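Please read the structure below before turning to the comments.
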Amino acid sequence: KDREALRQIYPKGIARIVLPCNLERMIWNAQKIFHISKRNPIDLNPMKMITGVRELLKKCVIVPGNDRLSLQANENATILFQCLVRSTLCTKIISETHKLSEEAFDWLLGEVETRFQQAQCA
């Protein structure tokens with residue numbers, strides 16, 4: 001779904017956009033703060049990752065309101081950010097590549113939400 005949306009938005013593949021946060025750097029910060037070793041197994045449940053990302057994306061609102069027009073406007077305003085978050089924080093990458101603990105993942109979700117809100121105010 002995300003790939004189709006990105007291909008529809010950028011048919012030539014040239015994307016010069018600025019998004020509110022650098023997720024790779026935030027993951028690196030989480031690894032350093034919580035002393036994550038890439039050799040140890042993780043204690044993070046995949047369902048917790050999926051529900052955490054879904055809850056995070058529900059909190060990232062630019063256009064408030066519950067009517068159909070507001071919901072559609074918010075979806076259009078946040079579609080690129082949602083694609084970035086879902087692709088970067090997918091369960092396979094987090095569990096195999098980044099090896100984040102449950103505490104580090106919760107911190108990361110809170111940090112992403114905070115940066116999104118700060119970018120919206122600026």
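Along the sequence shown, residues are numbered consecutively beginning with 1. All values reported here derive from a predicted model rather than from experimental measurement.
Within the structure, the side-chain hydrogen bond (donor to acceptor under 3.5 Å, both in side chains) test picks out no pair touching residues 34-45 (sequence neighbours left out).
The main-chain N or O of A104 is found under 3.5 Å from a side-chain atom of S101 such that the two form a donor-acceptor pair. In this structure, S87 contributes its side chain and L84 its backbone to a donor-acceptor pair below 3.5 Å. Listed for the E113 side chain is no donor-acceptor partner under 3.5 Å among the backbone atoms of L56.
By the criterion of side-chain heavy atoms lying less than 4.5 angstrom apart, applied directly or through intervening Ile, Leu, Val, Met, Phe, Trp or Tyr residues, L109 is not grouped with V61; the two fall into different hydrophobic clusters. Cluster membership for W107 and I27, using ILVMFWY side-chain heavy atoms within less than 4.5 angstrom, is shared.
In this view, S95 satisfies the side chain to side chain donor-acceptor pair (under 3.5 Å) rule with no residue, not counting sequence neighbours.
The distance from the CE atom of M26 to the OG1 atom of T88 is 11.0 Å, given to the nearest 0.5 Å. How far NZ of K48 is from OG1 of T91: 14.0 Å, rounded to the nearest 0.5 Å. For the atom pair Q31 CD and L108 CG, the distance stands at 9.5 Å (nearest 0.5 Å). Rounded to the nearest 0.5 angstrom, E75 CD and I62 CD1 are separated by 11.0 Å. Note that the SG atom of C60 and the CD atom of Q82 stand 8.0 Å from one another [nearest 0.5 Å]. A distance of 10.5 Å separates CD1 of I33 from CD of E103, quoted to the nearest 0.5 Å.
Salt bridge annotation for K59-E55: absent, with no cationic side-chain nitrogen under 4.0 angstrom from a carboxylate oxygen.
Of all heavy-atom pairs between I36 and K99, the closest is CG2-O, 2.9 Å. Taking both residues in full, the closest heavy atoms of V112 and C21 are given as CG1-SG, 4.3 Å, listed atom of the first, atom of the second, then distance. When all heavy atoms are compared, the tightest approach of G65 to L71 is O-CD2, 3.7 Å.
Screening I42, L100, V53 for a side chain to side chain contact (heavy atoms under 4.5 Å, CB included) involving I94 leaves a single residue, L100. None of N74, D67, N66 except one satisfies the side chain to side chain contact (heavy atoms under 4.5 Å, CB included) rule with S70; the exception is D67.
Chaining together hydrophobic side chains whose heavy atoms lie under 4.5 Å apart places M47 alongside I50.
Using a 4.5 Å heavy-atom cutoff, the side chains of M49 and K92 are not in contact.
Aromatic ring pairs are classed by plane angle as parallel below 30°, tilted from 30° to 60° and perpendicular above 60°; the pair F116 and F81 is tilted.
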